[in-house]
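Heads up, the thing below is written out as structure tokens.
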Amino acid sequence: MDLQLNTTMEYEFRDVLYYKETEKQISLKYNNSANYKLSHEEFEKYQQHNKGFLKGLIWYYEKETRLLVKLINEAADKVKQCVNTGFQFVVTLGIPDKVYKSMKIHCGPQIQSIGELAKENYPFINNFLQDTSSVRLSDYSGTINMKLCDKCSKRSMTSE
């Protein structure tokens, strides 16, 4: 179904705020600005009203903007009816050529080479790379591994 604003979907499009939590306080970073003295209470209030737009501090050198789409009314009802049927849904977004050609992809620290994108089967990023050459590695490339247990023998173990 084609989604219609305020009829079958709502959206938020805004930047991500990065944070680090310690026992004493919360440190926040946005772009080149930082606040190192936010209380836990204030941060909890902020978190409740900004779900989907916060990210841990390991990513803090980057700037990320997210589009969060919420299905409502007929679209939400359709998904709810099919939740346990195995039917899969996808939301797609058309991007005008002018916007597409001005976009840039800055990979996260887990990606160690541009060639890895092809190996990991990211067809849309590969197409974007071929169309624009605007994909680059993180300054912290290779410093983390988010697929810690992909080949772990314990994944297949059942609990007794």
Side-chain angles (χ1 to χ4, degrees), residues 1-21 26 28-30 38 40-60 62-112 114 116-132 134-135 137-138 140-141 143-160:
M1 95 173 16
D2 286 334
L3 299 178
Q4 302 295 320
L5 183 60
N6 297 325
T7 303
T8 53
M9 67 88 131
E10 298 170 340
Y11 74 91
E12 288 184 72
F13 188 68
R14 53 192 174 113
D15 291 338
V16 171
L17 180 67
Y18 303 92
Y19 72 96
K20 179 179 180 182
E21 192 168 358
I26 308 294
L28 300 177
K29 180 178 180 297
Y30 172 75
L38 187 70
H40 286 274
E41 293 78 23
E42 286 299 315
F43 185 63
E44 285 175 22
K45 289 179 197 174
Y46 184 85
Q47 279 181 302
Q48 289 173 359
H49 299 288
N50 295 279
K51 292 181 193 257
F53 296 97
L54 291 165
K55 206 169 193 182
L57 215 48
I58 188 166
W59 304 98
Y60 123 146
E62 298 177 2
K63 183 172 182 290
E64 178 179 337
T65 303
R66 290 186 180 172
L67 172 63
L68 185 67
V69 175
K70 178 181 179 183
L71 301 179
I72 58 172
N73 303 324
E74 181 187 354
D77 294 342
K78 221 177 217 191
V79 171
K80 287 176 190 171
Q81 291 170 2
C82 297
V83 164
N84 295 320
T85 65
F87 190 82
Q88 295 184 3
F89 293 88
V90 64
V91 176
T92 62
L93 172 69
I95 300 174
D97 281 343
K98 184 178 180 181
V99 173
Y100 179 78
K101 290 181 185 204
S102 69
M103 291 172 60
K104 295 180 170 101
I105 295 178
H106 187 171
C107 298
Q110 181 170 338
I111 303 297
Q112 296 182 37
I114 299 298
E116 184 179 339
L117 297 173
K119 184 183 84 176
E120 291 290 331
N121 195 22
Y122 296 111
F124 296 105
I125 294 176
N126 282 311
N127 291 344
F128 181 78
L129 180 59
Q130 291 173 11
D131 292 345
T132 68
S134 294
V135 178
L137 295 176
S138 162
Y140 296 92
S141 177
T143 60
I144 66 167
N145 181 3
M146 294 183 291
K147 297 180 182 178
L148 297 176
C149 203
D150 273 7
K151 297 177 183 171
C152 179
S153 61
K154 294 183 182 185
R155 279 178 65 102
S156 60
M157 295 176 72
T158 58
S159 58
E160 296 179 17

(message) Does either side chain, that of His40 or that of Glu21, offer a donor lying less than 3.5 Å from an acceptor on the other one?
(response) yes
(request) Please report the closest heavy-atom contact between Ala75 and Thr8, naming both atoms and the distance. (result) CB-O, 3.4 Å
(message) Quick one: does any side-chain atom of Thr132 pair with a main-chain N or O of Leu129 as donor and acceptor, under 3.5 Å?
(response) no
(message) Working to the nearest 0.5 angstrom, can you tell me the gap between Leu3 CG and Leu93 CG?
(response) 10.0 Å
(request) Over 60° means perpendicular and under 30° means parallel, so classify the ring planes of Tyr46 and Phe43, tilted if in between. (result) parallel
(request) Working to the nearest 0.5 Å, report the span between NZ of Lys45 and CD of Gln48. (result) 9.5 Å
(message) To the closest 0.5 Å, what do you measure between NZ (Lys101) and CZ (Phe128)?
(response) 11.0 Å
(request) Tell me, yes or no, whether the heavy-atom count around Glu74 atom CD, taken from other residues, nucleotides or ligands under 6.0 Å, exceeds 12. (result) no
(request) First locate atom CG of Leu54, then atom OH of Tyr18, and finally report the distance between them rounded to the nearest 0.5 Å. (result) 10.5 Å
(request) With rounding to the nearest 0.5 Å, note down the distance linking CG in Leu38 to CD in Glu44. (result) 10.5 Å
(request) Please report the closest heavy-atom contact between Lys78 and Phe89, naming both atoms and the distance. (result) O-CZ, 3.9 Å
(request) Kindly check if the number of other-residue, nucleotide or ligand heavy atoms within 6.0 Å of OH (Tyr11) is above 12? (result) no
(request) Before giving the answer on side-chain contact (heavy atoms from CB on, under 4.5 Å), spell out for Leu137 and Ile114 the whole-Å C-alpha distance, their side-chain angles and the decisive distance to 0.1 Å. (result) CA-CA 7 Å; Leu137 295 176; Ile114 299 298; 4.0 Å; yes
(request) For residues Ile72 and Met9, report the shortest heavy-atom separation together with the two atoms involved. (result) CG1-N, 3.4 Å
(message) Rounded at 0.5 Å granularity, tell me how far CZ in Arg14 sits from OG1 in Thr65.
(response) 11.0 Å
(message) Quick check on Asn84: does its CG atom have over 12 non-hydrogen neighbours (other residues, nucleotides or ligands) under 6.0 Å away?
(response) no
(request) Dump the intermediate steps for side-chain contact (heavy atoms from CB on, under 4.5 Å) on Val79 and Gln81, then the final yes or no. (result) CA-CA 5 Å; Val79 171; Gln81 291 170 2; over 6 Å; no
(request) Would you name the heavy atoms of Lys51 and Leu68 that are closest together and state the gap between them? (result) O-CD2, 3.8 Å
(message) Checking Leu17 against Asn50 for the side-chain contact (heavy atoms from CB on, under 4.5 Å) test, could you report, in this order, the C-alpha distance in whole Å, the side-chain angles of both residues, the deciding distance, and whether it holds?
(response) CA-CA 9 Å; Leu17 180 67; Asn50 295 279; over 6 Å; no
(message) With salt bridge (Lys or Arg N to Asp or Glu O under 4.0 Å) as the test, pick out the partner of Glu64 among Lys55, Lys29, Lys104.
(response) Lys55
(request) May I have the step-by-step check of side-chain contact (heavy atoms from CB on, under 4.5 Å) for Met103 and Ile95, ending in yes or no? (result) CA-CA 10 Å; Met103 291 172 60; Ile95 300 174; 4.1 Å; yes
